[in-house]
Amino acid sequence: MSETESLDRAVEAALFASEDALTVDQLATHLGDVDKGELREALARLVAFYSERGIHLVERAKRWHFQTAPDCAHLLRKERESLRKLSRAATEVLAIIAYHEPVSRAEIESIRGVQTSGGTLDVLMEAGWVKPAGRREVPGRPVIYATTPEFLRHFGLESRRDLPGIDELRATGMLDPVDDAFEAEMAEAGSADSDGESDS
Amino acid sequence: MSETESLDRAVEAALFASEDALTVDQLATHLGDVDKGELREALARLVAFYSERGIHLVERAKRWHFQTAPDCAHLLRKERESLRKLSRAATEVLAIIAYHEPVSRAEIESIRGVQTSGGTLDVLMEAGWVKPAGRREVPGRPVIYATTPEFLRHFGLESRRDLPGIDELRATGMLDPVDDAFEAEMAEAGSADSDGESDS
Amino acid sequence: MIDLPEGGTVADFGDLDGDGGDWQGIAASGGRDETALNLSLDGWEGPLDLLLELARKQKVDLRQISILDLVDQYLEFIDGAEQLPLEIAADYLVMAAWLAYLKSAMLLPKDEQEDPSPEELALRLHLRLQRLGAMREAASRLMARDRVGRDVFLRGAPEGLRIDRSIAWQVDWYDLVRAYGQVKARNSPAFHTVRDRQVMTLESALDRVSGMLGMSLDWVELREFLPPGADARLRKSAMASSFVAALELARTGRAELAQDDIFGPLRLRRVRASA
């Protein structure tokens with residue numbers, strides 16, 4: 001057996017057996033201080049090897065794990081208890097945290113235009129998708145929230161950059177606070193006025 | 001994708017995600033009443049496919065499951081040595097055994113002047129420095145303890161005669177005044193005793 | 001009941017049946033406002049939420065909605081919702097009042113408008129609706145991803161990776177020998193001997209000083225009475241005793257004392273017998 005084959009088998013076995021997704025560092029340590037460069041190459045080979053199979057090797061939040069291929073879902077779902085469905089409030093809060101993180105409860109509420117019950121954040125924290133991430137250094141020092149690696153894993157995201165549409169939302173200013181957007185619009189309108197006719 | 005490939009992928013995913021090993025019947029039902037002959041062929045193909053990998057598909061008591069390749073099994077259990085300083089109590093007991101061997105536990109206690117928990121001797125035996133060396137032929141026939149060759153090796157001693165005598169200890173100030181020793185003892189009692197020795 | 005069409009792009013949000021919990025299908029124990037709203041408003045979460053849904057009904061890009069139309073639709077909706085419990089209605093009515101004001105302000109000629117202008121107010125509302133809409137869209141796209149436990153599955157029975165920690169006990173030769181020394185020191189019988197300390201008693205000082213005074217007619221410094229060659233501690237004791245002896249001799253009229261200055265040397269002289 002060649003050396004790369006032997007490394008591939010070891011990585012395969014370790015990731016299969018592990019109860020948690022593993023970082024490259026964890027894998028390297030576990031396999032007896034393997035060179036990390038070689039490890040990454042082995043992971044790349046395995047991703048390719050499994051890409052057409054019923055199970056895939058995936059990276060989420062810098063951690064690697066095997067999971068079933070998405071197109072096999074219909075075969076596996078029926079015996080499973082289907083996921084409890086999140087309320088609309090909770091999904092919105094989750095999205096706001098994910099796209100704006102870190103974000104305080106007041107900031108969440110200002111986007112939603114409605115108070116957020118403590119229970120909603122609790123549900124997201126209990127699911128392991130959201131965690132407190134310190135405090136904002138403004139008067140009152142409100143707690144700010146961010147998503148977890150488990151969030152990325154659950155939603156199949158390698159990193160927050162993979163959040164659907166985040167680039168476009170950022171480019172169109174949708175992630176900026178209303179006040180900032182308002183200032184920008186007014187400034188633009190002002191300059192438009194100045195080179196157009198003013199009607200007053 | 002061919003039909004056999006698609007079946008292989010489904011079997012693969014189902015066995016991967018299942019918490020229990022599955023019989024051919026269970027698999028067939030699970031995958032939507034697949035023909036069992038085809039299923040067996042698929043299983044055979046998968047066994048061959050994985051035979052050189054880090055994970056194997058195996059049948060045990062007519063149930064199928066994935067498991068780590070036997071030669072990768074050592075990867076799943078990893079030994080990690082952590083260094084720990086021997087507690088003061090254990091060091092004293094070890095010293096007493098070294099100077100007085102063979103000694104019974106009661107004798108150790110009478111020399112130390114405090115009770116010695118069984119855990120302390122266990123630690124010394126686990127470290128490989130002390131072993132039971134028969135029983136004292138007195139009422140109760142207590143076990144007596146002695147040091148091991150490993151003990152001499154660890155301390156770089158040719159024999160126990162290399163241990164400094166009482167006079168040498170006194171000359172080098174190792175026989176501290178009682179008050180100093182008492183103070184040190186009190187300081188130790190204050191810090192948590194890691195091997196559970198209770199000095200009373 | 002309030003008659004509103006289903007929200008268009010948010011089919012993945014299932015909270016329109018009024019259970020109010022954060023997990024669909026789990027009995028409601030959720031927020032007070034959510035529960036209450038869901039009971040009476042078919043799941044609208046506050047006025048902004050309702051406005052957003054109304055805006056979507058205009059079936060144009062959110063950037064091009066007509067705020068005036070939106071205000072009309074909202075006010076019409078609130079008019080139709082007669083049996084709103086008061087505590088829920090409050091937020092909606094505040095918004096209704098504000099929108100009514102906004103509408104009237106927008107209908108005024110420009111030069112009669114107050115500051116901030118209704119256009120600015122409308123722009124802010126517009127921006128808020130856009131942002132809420134964007135997040136709602138993002139949430140539904142997020143929920144539609146291949147999710148672990150729904151679309152993809154992890155290994156059902158992982159063997160688990162174990163790290164067995166064994167302990168390598170550390171102790172060095174010095175610790176070992178010192179520990180033994182301390183055991184011996186702690187438990188060997190301790191002998192406490194009080195060192196024989198040389199002192200000069202007052203009696204012997206009296207004898208000594210009066211004896212020595214007899215041998216001289218001149219002033220003698222107190223220091224001279226101390227035993228020569230004595231160690232420091234004996235000297236201290238002798239000094240104290242001799243001083244007291246000198247005082248005693250002076251009191252009984254057998255010696256005279258003189259000291260030229262404070263802390264200066266103390267001198268003694270025998271008192272000659274007057275007889």
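Below, read A as the first sequence line, B as the second, and so on, with proteins coming before strands; counting in each chain starts at 1.
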**Request:** Please step through side-chain contact (heavy atoms from CB on, under 4.5 Å) for the pair C:V183 and B:Y99, ending with a clear verdict.
**Result:** CA-CA 12 Å; C:V183 168; B:Y99 274 91; over 6 Å; no
**Message:** Assess whether a salt bridge exists between C:D175 and B:R88, defined as any Lys/Arg side-chain N lying under 4.0 Å from an Asp/Glu carboxylate O.
**Reply:** no
Is any side-chain heavy atom of [X] closer than 4.5 Å to a side-chain heavy atom of [Y]?
| X | Y | value |
| --- | --- | --- |
| C:Y180 | B:L94 | no |
| C:L176 | B:W129 | no |
| C:E159 | B:F66 | no |

**Request:** Rounded to the nearest 0.5 Å, what's the gap from OG on B:S87 to CH2 on C:W169? Could you check?
**Result:** 7.0 Å
**Prompt:** Distance from B:R84 atom CZ to C:Q170 atom CD, nearest 0.5 Å?
**Reply:** 12.0 Å
**Request:** Please name the pair of heavy atoms, one in C:A157 and one in B:E19, separated by the smallest distance, quoted to 0.1 Å.
**Result:** CB-O, 3.4 Å
Side chain, backbone, both or neither of [X] within contact of chain C (heavy atoms, under 4.5 Å):
| X | result |
| --- | --- |
| B:Q67 | both |
| B:L15 | neither |
| B:H65 | neither |

**Asked** Are any side-chain N or O atoms of B:H154 and backbone N or O atoms of C:V171, one a donor and one an acceptor, separated by less than 3.5 Å?
**Response** yes
**Prompt:** Is it true that atom OH of B:Y50 has more than 12 heavy atoms of other residues, nucleotides or ligands lying nearer than 6.0 Å?
**Reply:** yes
**Asked** So with a 6.0 Å cut-off around CZ of C:R208, is the heavy-atom count from everything else above 12?
**Response** yes
